[in-house]
Chemist: 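Below you'll find the structure I mean.
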Amino acid sequence: MTNTDTTAGLTILKDYEPIANGEVRDVWHRPGHPDQLLKTIRTYKREKYERRRGLRRALDYFRMGPYGTFRIEYRCYLKTAYRCAQQKRPLPIAEMGGLVITDRGLAQVCEKIADASGNVAQTLEDVLREGPLSDERLKWLNDFVANIFALNVNVPDLRPSNIALDEVNRRFVVIDGYGDKTLIPIRSWLTWLNQKHLDYRFSEMEKHRNLKWSSERQIFTVVHPAD
């Protein structure tokens with residue numbers, strides 16, 4: 001890590017370009033850590049909170065302002081990891097580390113899901129765009145599905161663009177969109193309701209060609225162009 005990457009414990013990102021942009025966050029390579037990524041809150045979102053005054057500013061202090069989404073994700077991650085330990089299942093969420101301070105505000109440290117060459121992994125959306133899944137990748141996907149249901153992971157925004165193909169560890173994992181962000185977290189309280197939502201989200205993936213979902217069996221099958 002060079003001196004331009006850190007200044008007195010502050011990670012400097014201004015000289016880098018994010019590798020991905022979401023509605024709320026930017027994703028960066030973590031300088032000096034090739035196996036890690038950083039997720040920061042986008043500038044406009046942080047500035048929105050910084051402009052608040054009075055009671056709203058006081059409430060933001062207790063809710064951690066724009067970083068409330070970090071708390072939600074860490075809570076979901078901890079709950080899922082605990083269930084993994086109990087059930088002896090692999091974690092279906094990309095590993096999360098702690099927080100570092102950057103010139104873009106607080107940043108989450110996250111596992112870099114990679115392809116066989118060490119590059120940032122493709123998403124399931126990318127893979128499906130290339131054509132039908134191989135038998136091996138279909139098995140990885142259905143293993144992922146089985147773990148998501150068995151662990152009852154709350155993933156409100158479960159979609160192919162939030163699922164990454166980890167070729168190194170031969171699996172699919174969620175990289176974003178997890179944790180209950182609703183004011184009244186009903187799906188976190190009611191298992192059957194979350195399971196119903198997961199089923200709906202997986203069924204929606206049929207809109208992406210080459211997949212067919214079975215709610216009864218809770219598995220995907222491959223649809224070939226000639227089928």
Side-chain angles (χ1 to χ4, degrees), residues 16-22 25-40 73-74 76-77 80-81 83-85 87-98 107-151 153-155 157-179 198 201-214 217-225 227:
Y16 299 91
E17 290 293 328
I19 62 171
N21 306 104
R25 289 181 293 193
D26 295 318
V27 182
W28 315 74
H29 287 293
R30 185 182 182 187
H33 299 264
D35 60 340
Q36 297 176 7
L37 300 176
L38 296 178
K39 292 183 179 181
T40 61
E73 289 181 342
Y74 278 117
C76 179
Y77 180 80
T80 302
R83 290 172 178 170
C84 285
Q87 299 184 31
K88 294 182 172 55
R89 288 180 175 272
L91 187 65
I93 300 175
E95 290 183 10
M96 296 176 66
Q108 289 174 302
V109 178
C110 299
E111 175 187 14
K112 175 186 172 183
I113 305 301
D115 63 17
S117 300
N119 300 313
V120 173
Q122 290 181 302
T123 65
L124 177 58
E125 185 173 56
D126 298 328
V127 175
L128 292 174
R129 195 178 293 121
E130 295 175 350
L133 293 177
S134 65
D135 290 345
E136 184 177 41
R137 288 182 174 180
L138 178 64
K139 180 184 182 303
W140 299 349
L141 180 59
N142 282 325
D143 288 345
F144 165 78
V145 170
N147 288 325
I148 288 288
F149 274 109
L151 299 164
V153 186
N154 192 309
V155 196
D157 197 17
L158 183 63
R159 52 181 171 167
S161 61
N162 285 336
I163 300 170
L165 168 61
D166 182 353
E167 292 184 316
V168 176
N169 295 298
R170 303 163 66 83
R171 59 175 182 158
F172 283 96
V173 291
V174 173
I175 55 174
D176 203 1
Y178 52 90
L198 289 172
R201 282 296 186 177
F202 282 124
S203 70
E204 283 286 288
M205 294 185 193
E206 286 190 337
K207 294 179 180 178
H208 298 263
R209 60 186 181 180
N210 305 321
L211 280 182
K212 184 173 180 59
W213 172 249
S214 169
R217 300 171 62 199
Q218 292 184 340
I219 63 169
F220 282 107
T221 53
V222 170
V223 177
H224 294 277
D227 291 349

Chemist: Would you name the heavy atoms of Leu151 and Pro90 that are closest together and state the gap between them?
Modeler: CD1-O, 4.2 Å

Chemist: Nearest heavy-atom pair of Val223 and Leu211: which atoms, and what distance?
Modeler: CG2-C, 4.0 Å

Chemist: Is there a side-chain contact between Ile93 and Val155 in this structure, where contact means two heavy atoms from C-beta onward sitting under 4.5 Å apart?
Modeler: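 No, their side chains stay 4.5 Å or more apart.
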
Chemist: Taking the side chain as everything from C-beta on, heavy atoms only, tell me whether Leu133 gets closer than 4.5 Å to Asn210.
Modeler: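 They are not in side-chain contact.
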
Chemist: For Met96 and Tyr178, which heavy atoms make the closest approach, and how far apart are they?
Modeler: SD-OH, 3.0 Å

Chemist: Is any side-chain heavy atom of Ile19 closer than 4.5 Å to one of Leu37?
Modeler: yes

Chemist: Look at the rings of Phe149 and Phe202 and say which category their plane angle falls in: under 30° parallel, 30 to 60° tilted, over 60° perpendicular.
Modeler: tilted

Chemist: Run the side chain to side chain contact (heavy atoms under 4.5 Å, CB included) test against Cys110 and tell me which residues pass, sequence neighbours left out.
Modeler: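 For Cys110 the side chain to side chain contact (heavy atoms under 4.5 Å, CB included) partners, ignoring immediate neighbours, are Lys39, Gln108.
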
Chemist: Should we count CG of Asp135 as having more than 12 external heavy atoms under 6.0 Å?
Modeler: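 For Asp135, atom CG is not crowded (no more than 12 foreign heavy atoms under 6.0 Å).
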
Chemist: Considering the options Asp143, Asp166, Asn147, which one meets the side-chain hydrogen bond (donor to acceptor under 3.5 Å, both in side chains) requirement together with Arg171?
Modeler: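 Passing option: Asp166.
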
Chemist: Just wondering, do Pro160 and Thr123 contact through their side chains at under 4.5 Å, heavy atoms?
Modeler: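 Sidechains of Pro160 and Thr123: no contact.
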
Chemist: Heavy-atom count around Glu136 CD within 6.0 Å, excluding the residue itself: above 12?
Modeler: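 Atom CD in Glu136 is crowded, with more than 12 foreign heavy atoms closer than 6.0 Å.
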
Chemist: Would you say Glu95 and Gln36 make side-chain contact, with heavy atoms under 4.5 Å?
Modeler: no

